[in-house]
Structure formats: C-alpha cells, structure tokens
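Take a look at the structure set out below.
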Amino acid sequence: MGKLTIGCFSSLVGSMTLDFAVKLAEAAVKKGHEVDLWLSGNGVMLGKKGQSKFRDYSYLAGTVEELLKTGKFRITNCEACAKARGIDKEDTMDGFGIHSMDWYLASAFDADRVLHIGGE
Amino acid sequence: MGKLTIGCFSSLVGSMTLDFAVKLAEAAVKKGHEVDLWLSGNGVMLGKKGQSKFRDYSYLAGTVEELLKTGKFRITNCEACAKARGIDKEDTMDGFGIHSMDWYLASAFDADRVLHIGGE
Amino acid sequence: MAIKKLAFIVEKLPYKAETSRLALTHAIASQTVEIYLEDGDNVEPVIAFVGDGVLNCLKDQKALDIYGVTSLEMHLKNALLLDLKVLVCKEDLDRLGLKEDDIVMDAEELGAEVTTEVVPYDQIQQEMESADHLLFF
Amino acid sequence: MAIKKLAFIVEKLPYKAETSRLALTHAIASQTVEIYLEDGDNVEPVIAFVGDGVLNCLKDQKALDIYGVTSLEMHLKNALLLDLKVLVCKEDLDRLGLKEDDIVMDAEELGAEVTTEVVPYDQIQQEMESADHLLFF
Amino acid sequence: MKLAVFVNEYREPAILDRLKADKFGIILVQNGVYHATVKKDGQTSPVLSKDAEFYVLSEDLQSRGFGDGDVDSKVKVINYEGLVDLIFNDFEKFIWL
Amino acid sequence: MKLAVFVNEYREPAILDRLKADKFGIILVQNGVYHATVKKDGQTSPVLSKDAEFYVLSEDLQSRGFGDGDVDSKVKVINYEGLVDLIFNDFEKFIWL
C-alpha cells in the first residue's frame, strides 16, 4: 500500500476536476492506500461550510466527510488562497486542515505518487 | 447615455475575467452609463463577505463598494449558484442583490448592450 | 409591449466547466421573467448548439448516476418540455459523424410537443442576426 | 536523510487563471518546508518554463499598477533572490522571436546572485527524468 | 448586424471563420493580446488575417509586458474607456469566445 | 522514466510531441474522452497517433453518453479503481495537461 498526494487547483462546481480528484481519492482509499488532498487556488471552495446539495450543481461535501472517517485521508486548504476568498477557519468544514503552501511540498516529500492537477 | 448589462460566469481570483468585468463596469459608469452586473456560476464568489486583500490575489471588493455608491451600478448574485457554494444571504456583501436567473434576462430586456461572458 | 429575442449559442463542451449547463438553465428561466416586466413585455429565447457544442446533445448521458449532477440531456429535455426553440447545427453533426438518432431530438416521454431542429448553420446565423442580444456559451 | 527533487513545469500563460502564479508561490514555499520534515530531509525545487509558458518571463509587466496583483515578473525575481533554479526553454524563446534581453534574466536590483538559465528543451526533459515528482502547471 | 467578438485566449477560435457581420470587430483582451504582439516562427497570428477591424486592450498589453510599439499595425490600441465607446457607439452585439 | 499524461480536453496539447519516456501512457479523462470516441471529418484524433499506451476513464465516457463500444480499439477502458492501479503499479510520474 502506498501514499498518493493529489494537488487540486480547480474550483468546485465550475469545474468537474475537483469531482475527479475526490473520486480518485475515494477509489485509492478503498484499495487501502493513503491519500493527501491539497487544495489551492479556487480548489479551496471545497472546504466552504454550508454548501447546498442541488441536482444542477456538483456536491462533494458528503463524500469528503465519509473519506475523513476512514483515517486514511487528509484534506488541507491553502491558507492564503482561502483567506483571499473570504474563507477563514470558521468558514471551513470540520476535518479540513489549513496550512501554508509548504505543507503540499512536505506531503509530496514522502508520497509514493504525486498527481498535481494545475490546469485552468 | 445607455444601459449595459454584463453577465460574468467566471470566478474571482482564479480568472482575471471578473477583474475585466468590474473594470469595464467602472469605465462605463464613469462615462455616465448605467451598468447591471450579473454573477452566475463561480462568479458569485465576488459577493463573498470578508475577502482579504493580498497582493498575490486579485481583490475587487473595494471597487465594487465604490461603484455601488454611484447609484448607477447594480450587482446581483445568482441565488442557486451561490447557495450551492455555501454562500447565503448572511455571507454576501452588503449592496449585492440575490435573485434567480430570470433577473438576468429581465436586465437584458431593457439593456442597450449586453456583454455575456460565459467562457470557461 | 415588446418581445426581446435572446439567442443562447452554445459552443463549449459539457461537464468540464458549467458553461453549457448554465446556458440551458438561464434559457429556461425565461419562463418566469415576466414577473420583472411590464404587462405584455416578454423575452423569447432560442438555443442553438454549434461547433463541438453539439456534443452536449448526445443521448444516454449518465452524469447523474455517476457524478450526481443533472446531465445536459436532462436539461435539454426540460427545455423542449417548456416549448423552447432548440437548434442544432447540421454541418457540425456531419463533421463529427453524428446522426439525429445519436442526439436528443424529443422529450416525448415527458409529454413535450416540441422537438429539436437540426438546421444548417446559416439558419443559426439568421437567428443571431434577428436576436436583440447574444449570449454565447 | 533525503533530498526529494520536485520539478515545477510551467506551460500555461499568465493572468488568465492563477496557474503559473501558483507554480511560483508553491516553488518558493520550499524555503520553509523543513519545519514539516526530519532533520536533514529537504525538498529541492526546479522551475522550468516551456511552450507558450515562456511568456510568463517577459520584462516590464505592469499587472500590479493596473490590476493590483503581483506580476509574474516579480514572482520570478523573488524565486531568483531565493536561489531557486529557473530554466527557460531556448527553442520556445526562438519560436516566439524572444531574446534573453526580453525576459527576466536576473534580480540584481534585489541582490540576487542566481540568474535565469536559458537551456535547450533536452535539459528540461533531463530535469523531469531526475525529479522525484512532477508538478505541471 | 454590427458584431464584435472578444478573443481572450492565445489560440485560434474555431468559430471565427463562420461568423458573418456587416460590421465585424475583433477585440483582443486578456491572453488574446498575444495575437497582436507575438509571432510564432516568424508568422503573424492567423487571427489577424480575418476580414475585421482589430482592437487590443492596452491594460492587458501592459500587464503582460508589452507596449504600444509591440502591436501589429493592423490593430488599434484602446483602453477600457475606449472600449466603452466601442460598445455603445460602434457595435450592437457581442460574443465573448 | 515511466510517465503518464492526463489529457482532459478535446484538443491536441502542444507539449505531447516533445515528452519522452521509456514507458509512456496517455490517459483520457473529462473532455479528453472525445479523442477516443469521436472522429472529425472521418479522421481519428491525432492524439491517438502518438507512440503510447492509451487509457480512457469509463465514468467520464458514460457521463457524456458513450459506451465501451464507441471507443477506438487502441484505447483501453478503465474505471477509477483501475486508474488507482495504473498510478501505483504501472507509472511513476504524472502530468495533468
């Protein structure tokens, strides 16, 4: 079993890329791997408290909560990216880490695999 | 003098498109025109309260406040798009309208010009 | 008393971003726009798919089952159910090797009476010319 | 004790999205990563601009004056000031008609000792091969 | 119709060749400005070969490190103020690609 | 190196031709799946002419209205579970274009 670090820089709802990242994390955890998910740029929107589940918009908060319960999944928001968007600690879902960008590099340091999703 | 309706569907910070829309609105208002700015999709992030002004991220809240004071500028968030992202009324900056999508069409109805920015 | 025509032109692909989805939800919102307008005033939407955007119209999209999000197919059927005018560019279908049978042509199972119209690009160009405003997605 | 090499490859253009900016801010964050690691462990970043991404390196970017946001030029100078290895693909500069004089080659005014290296694509390919992980922007 | 198209990316938009208008404008903004300033392998961008009036936004030029002198002679440099006038006085309908 | 590239858009990424790897995979996801399923003017996508092993994500195929039968014979259909195995067992480094 290994460790996969995923960095996702694309935004919730507007891009299905975050859906991809969460589904990949889910599949990896199911197979017994550990996953770190780093959210930067607009990806930090995934951590916003109080998202509503509407059929016309993608909704990932439920899956993230389930993943956190496994103990094999860590999810962390980029602090500056979140604050710039008005998302501070009180505004962030429980279970999310909040760190500066060096956290991502440290996670990559001991990862077996890194999938960095930096697209637009 | 005329009325310009701008629809912007791109997100704050991640895309400079919202910067473009706000700067265009500012220039139009300065020339005496009226401007309606409709935010849908990730564009609704512009209305999030408590954004921080950092040099490495674009910051538009100040300009929007100045524009609202002119009385020639209306700015409205798409209600469903905002709620899906966890941005409800208490989370929205003062002065923003919150309406369903038909508001945009009604604004276009009596606009002299419509610039719809629907890009990705 | 005036009717303003809005042309929703969809050229972007589905699912990567929300663009084409928001085109349809905004066009459908024309059903309730009267509450903001004077008596007799209204908005008339037309939706046209061009370029790679015609791929939004494919049948059998399983986005709801897989990603929990309404498929473009369902949005399109809703539009037909509400009697919206939906055009699909024939040249682009041809270029991509698609037939009418591959795309959503009706929503009969929902009770829709209107059907999708496959038309030459020139007709879409004419819709753009006769529209009061363009909304390009 | 281990050093892991991370290659930050930038191919996207600046300003449309945040992509290339976040490449530089994350690479620069390598300066403080030690707080998370065991003694002697560290991360070694290398930044390479390829394809149209070399346009991030142009001089005289006025983004701060106009849009109030740090220019890529300033980020690049910060990277040089912090002794990061910055490579720019020569073939791509040639293809776009750009000379060394057009791009940020140093940050002498800030006191940086390191300079940008214009290198053939093969050298960037080698950096990708010797890196432990790739971060492509 | 009087149609202006906003080109905001540095690649050739597929739809450009099909659009017809009595008065046709192409406005280069954001990363569209590279069409006016950069040659690839010595070749001017194919976008500039369209039969249209060309404009480029000076604020987006300058942000990216270009000045007026870098702009192809076919293209008129305008600022946001000039863009407002274009929108109200010269064109009626707009497409943001 | 063992390199897998994720192609997520329906156009040909410029960098693809330059990347070299001892083992080279191209994984079609999101709107990249059209490369495996759609021909333009009867022509298979140029992406499939690269010297690589090809994979396509079945969840993204199905979301867009395609089934396994629509996929070019060069391309292997995998799901998220298969993708995890590819990532850990078959490749070492990844590029998301």
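Since the structure is predicted, the reported quantities are computational estimates derived from the model, not experimental observations. Letters A, B, ... are given to chains in the order of the sequence lines, protein chains preceding strands, and every chain is numbered from 1.
Using a 4.5 Å cut-off between heavy atoms, F:Gln62 touches chain C through backbone and side chain atoms alike. Neither the backbone nor the side chain of C:Leu72 has a heavy atom closer than 4.5 Å to any heavy atom of chain F. For chain C, the nearby parts of F:Lys40 are the backbone and the side chain; heavy atoms of each come within less than 4.5 Å. For chain F, the nearby parts of C:Tyr15 are the backbone and the side chain; heavy atoms of each come within less than 4.5 Å. When heavy atoms are compared at a cutoff of 4.5 Å, C:Asp65 does not approach chain F at all.
Between the CZ atom of F:Arg64 and the CG atom of C:Asp60 there is a distance of 15.0 Å, given to the nearest 0.5 Å. For the atom pair CG (C:Leu58) and OH (F:Tyr34), the distance works out to 6.5 Å, reported to the nearest 0.5 Å. Atom CG of C:Leu13 and atom CD of F:Gln30 lie 11.5 Å apart (nearest 0.5 Å). Here C:Ile66 contributes atom CD1 and F:Asp60 contributes atom CG; the two are 8.0 Å apart, rounded to the nearest 0.5 Å. Considering NZ of C:Lys12 and OH of F:Tyr10, their distance stands at 16.0 Å, rounded to 0.5 Å.
Counted within 6.0 Å of CD on C:Glu108, heavy atoms from surrounding residues, nucleotides or ligands total 12 or fewer; the atom is thus considered open. For F:Lys39, the NZ atom counts as loosely surrounded, since its 6.0 Å shell holds 12 or fewer non-hydrogen atoms of other residues, nucleotides or ligands. More than 12 heavy atoms of other shown residues, nucleotides or ligands fall within 6.0 angstrom of atom NZ in F:Lys50. Around atom CG of F:Asn89, more than 12 heavy atoms belonging to other residues, nucleotides or ligands sit under 6.0 Å away. More than 12 non-hydrogen atoms from other residues, nucleotides or ligands lie less than 6.0 angstrom from NZ of C:Lys59. Within a 6.0 Å sphere centred on CD of C:Glu109, heavy atoms belonging to other residues, nucleotides or ligands number more than 12.
Residues of residues 79-107 of chain C lying under 4.5 angstrom from chain F, judged on non-hydrogen atoms, are C:Arg95, C:Leu96, C:Gly97 in numerical order. Within residues 115-122 of chain C, no residue has any heavy atom under 4.5 Å from a heavy atom of chain F.
Residues C:Lys16 and F:Glu9 approach most closely at NZ-CG, 3.8 Å, considering heavy atoms.
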